[in-house]
Amino acid sequence: MSRQEPAPSAPTRNPIHWVPSLYFVQGMQFFVVMLIAGLMFKNMGVENDQIARWTGLLGLAWAIKPLWSPFLELARSKKLIVVAMQFTGAAGLGLLALALQLPMWFAAAIGVLFVLAYASATHDIACDGLYMAALDAKQQAAYAGWQGAFFNASKFLTLGGLLVLAGHLEKQFGVFNAWSIIFVLLAVLLALLASYNAWALPGTLNTETADISVAGVAKTLREVIGDFLQKPGIWLAILFIVLFRFAEGQVQTIGPLFLIEAREKGGLGLTTEQVGGVYGTVGTAAFLVGSILGGYFTSWLSLRRAMPILILMMGVPNVTFYYLSLSLPQDMFHISAAVAVEMFGYGFGFVGMILYIMQAVAPGKFQTAHYALGSGVMQLGFIFSKTISGDIQVAMGYQHFFLWTIACGVPALVLMFFVKFPKPQSAPENKADSAAAAVTS
């Protein structure tokens with residue numbers, strides 16, 4: 001689908017100087033748009049259906065990014081794109097702080113978030129391309145752990161640190177002023193990181209751009225998509241991918257909003273800082289542990305035999321939130337334990353879809369490109385379920401909604417018996433470990 005840039009013979013700086021900052025920024029921009037925005041809107045009084053609908057549309061950027069990723073090969077330098085998108089993100093965060101002070105603040109904020117989403121998705125493409133171009137295969141493997149660690153460090157910052165800080169600021173300055181302060185701080189942080197990356201990132205040029213034209217890239221893209229759609233059983237596989245995430249997209253959108261919702265409306269009535277503390281600590285840790293164990297479990301049992309367990313584990317968050325909506329516990333230890341169980345099941349089960357795309361959908365002439373397309377389909381399935389989740393929850397109420405999400409996991413479990421799986425011996429032994437690393441990054 002695209003040509004890789006030639007790896008430089010002698011990188012100007014040790015990768016430890018730029019890999020952490022590069023992937024910290026990647027995660028920070030993603031989590032601000034896909035996680036923080038929804039929780040912020042909830043505190044500002046926006047209804048769940050509006051939050052789910054608009055944040056779902058924002059997520060479309062990451063689903064369709066394979067469509068323009070080949071055209072970035074026309075640029076002379078991935079570094080130029082990375083730094084430009086980071087400064088664009090910093091400017092966008094500053095504008096978001098300003099948008100929250102306007103009379104039509106919601107429309108203005110959504111408009112800025114759309115710019116941030118597409119800048120972030122473009123940054124992801126160039127970021128990964130730069131990583132592959134600047135490092136050889138051995139170095140890529142050696143620094144993969146740093147990728148995941150600092151991507152998830154940004155999750156700790158946004159879900160843990162920022163939400164806790166926002167909770168404190170809301171008490172002193174009010175919700176809108178508090179979040180404007182948060183986004184100003186994020187804008188300054190991202191501008192500083194962009195400036196550092198402008199100095200630290202390797203400036204590898206794409207010397208093959210002379211042989212690439214827009215028409216050539218478009219032709220290759222059409223060939224890649226055509227080959228993908230002609231794979232045996234691909235439409236059944238696409239349906240399976242969408243159904244696998246159908247329940248997840250709904251519960252992962254509404255679940256955190258349920259935690260903040262007032263008790264008289266059926267929620268748990270937690271504060272912003274309480275939600276940040278729970279998800280930023282035990283929630284994130286449980287997700288990482290679940291992802292790693294899910295990868296090793298699948299490697300040990302094989303994807304075909306492990307898949308029923310993985311699908312059932314994807315249903316753990318749905319059952320957990322249904323239990324919380326029935327019991328409505330008040331002590332934080334009880335709630336934290338439930339969130340840990342939810343995130344562990346989510347991390348453990350999600351490995352199944354990463355591996356399914358990697359081993360059953362991607363193999364072929366355009367393996368890397370088809371993995372990207374399969375991931376795009378997976379994200380589209382998530383976005384569809386995320387977008388409709390708010391309307392369903394408003395119509396049903398929290399208890400019936402979470403019971404509905406449990407039922408939404410059944411079709412994927414049934415369809416699993418009809419889709420094609422790779423033979424156990426056809427997948428390299430390290431695939432599961434790679435998938436676990438991919439999930440955590």
Side-chain angles (χ1 to χ4, degrees), residues 1-4 62-67 69-70 73 124-125 128-129 131-133 135-138 140-141 144 147-148 217 219-245 291-292 294-311 314 349-382 412 415-441:
M1 187 175 181
S2 60
R3 305 185 185 187
Q4 292 187 6
W62 286 274
I64 64 175
K65 68 180 181 180
L67 298 181
S69 61
E73 294 298 327
D124 288 359
I125 300 166
D128 294 334
Y131 181 86
M132 291 186 290
L135 305 178
D136 58 33
K138 184 177 180 180
Q140 289 174 22
Q147 271 189 6
V217 171
K219 179 181 177 181
T220 302
L221 180 61
R222 288 194 298 270
E223 184 180 354
V224 166
I225 295 175
D227 188 73
F228 180 79
L229 296 178
Q230 291 173 11
K231 289 190 171 188
I234 188 61
W235 292 107
L236 200 60
I238 288 174
L239 180 61
F240 178 61
I241 292 170
V242 171
L243 290 177
F244 189 96
R245 301 201 72 183
S291 299
I292 294 169
Y296 283 115
F297 174 78
T298 308
S299 177
W300 167 65
L301 203 59
S302 85
L303 180 60
R304 179 189 293 272
R305 289 188 291 173
M307 186 59 81
I309 304 299
L310 299 174
I311 293 176
M314 286 293 288
F350 189 67
V351 169
M353 186 43 58
I354 295 293
L355 274 170
Y356 179 75
I357 297 172
M358 186 182 293
Q359 297 182 6
V361 175
K365 181 180 178 182
F366 302 101
Q367 181 166 337
T368 301
H370 285 176
Y371 180 81
L373 285 174
S375 299
V377 170
M378 178 178 69
Q379 184 70 1
L380 279 173
F382 179 83
L415 190 60
M416 179 204 70
F417 295 100
F418 300 94
V419 296
K420 177 184 175 183
F421 284 91
K423 296 179 180 179
Q425 64 269 24
S426 66
E429 293 181 357
N430 66 345
K431 286 286 188 176
D433 299 342
S434 300
V439 172
T440 58
S441 65

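The shortest side-chain heavy-atom distance between Arg245 and Met314 does not fall under the 4.5 Å cut-off. Contact check for Val224 versus Phe228: no side-chain heavy atoms found under the 4.5 Å cut-off. Between Met353 and Phe240, some side-chain heavy-atom pair lies under the 4.5 Å cut-off. Here the side chains of Phe421 and Gln359 are not in contact, with every heavy-atom distance at 4.5 Å or above.
The side chain to side chain donor-acceptor pair (under 3.5 Å) analysis of residues 223-238, with sequence neighbours excluded, yields the pairs Glu223-Lys365, Lys231-His370.
Listed by chain and number, the residues in a side chain to side chain donor-acceptor pair (under 3.5 Å) with Lys420 amount to none (sequence neighbours excluded). For Leu243, the side-chain contact (heavy atoms from CB on, under 4.5 Å) test picks out Leu239, Pro411, Ala412, Leu415, with sequence neighbours left out. A search for ring-ring contact (aromatic ring centres under 6.0 Å, His included) contacts involving Phe382 returns nothing, not counting sequence neighbours. Ala360 is linked by a side-chain contact (heavy atoms from CB on, under 4.5 Å) to Tyr356, Pro422, counting only residues two or more places apart in sequence or in another chain.
Pairing each heavy atom of Leu310 with each of Gly352, the nearest pair is CD1-CA, 3.4 Å. Nearest heavy-atom pair, Val351 versus Ser291, reported as atom, atom and distance to 0.1 Å: CG2-O, 3.4 Å. Here the shortest heavy-atom pairing between Trp62 and Asp124 reads NE1-OD2, 3.0 Å. Across all non-hydrogen atoms, the minimal contact from Phe297 to Ala306 is CE2-CB, 3.8 Å.
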(message) For Leu380 and Val242: C-alpha separation, side-chain torsions, deciding distance, then whether side chain to side chain contact (heavy atoms under 4.5 Å, CB included) applies.
(response) CA-CA 8 Å; Leu380 279 173; Val242 171; over 6 Å; no
(request) Please step through side chain to side chain contact (heavy atoms under 4.5 Å, CB included) for the pair Val361 and Ile241, ending with a clear verdict. (result) CA-CA 10 Å; Val361 175; Ile241 292 170; 4.3 Å; yes
(message) One pair to check against side chain to side chain contact (heavy atoms under 4.5 Å, CB included): Val377 and Ile357. What are the steps and the verdict?
(response) CA-CA 10 Å; Val377 170; Ile357 297 172; over 6 Å; no
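Judged by distance alone, with hydrogens and angles left aside, the side-chain atoms of Ser299 form no donor-acceptor pair with the main-chain N or O of Gly295 at under 3.5 Å.
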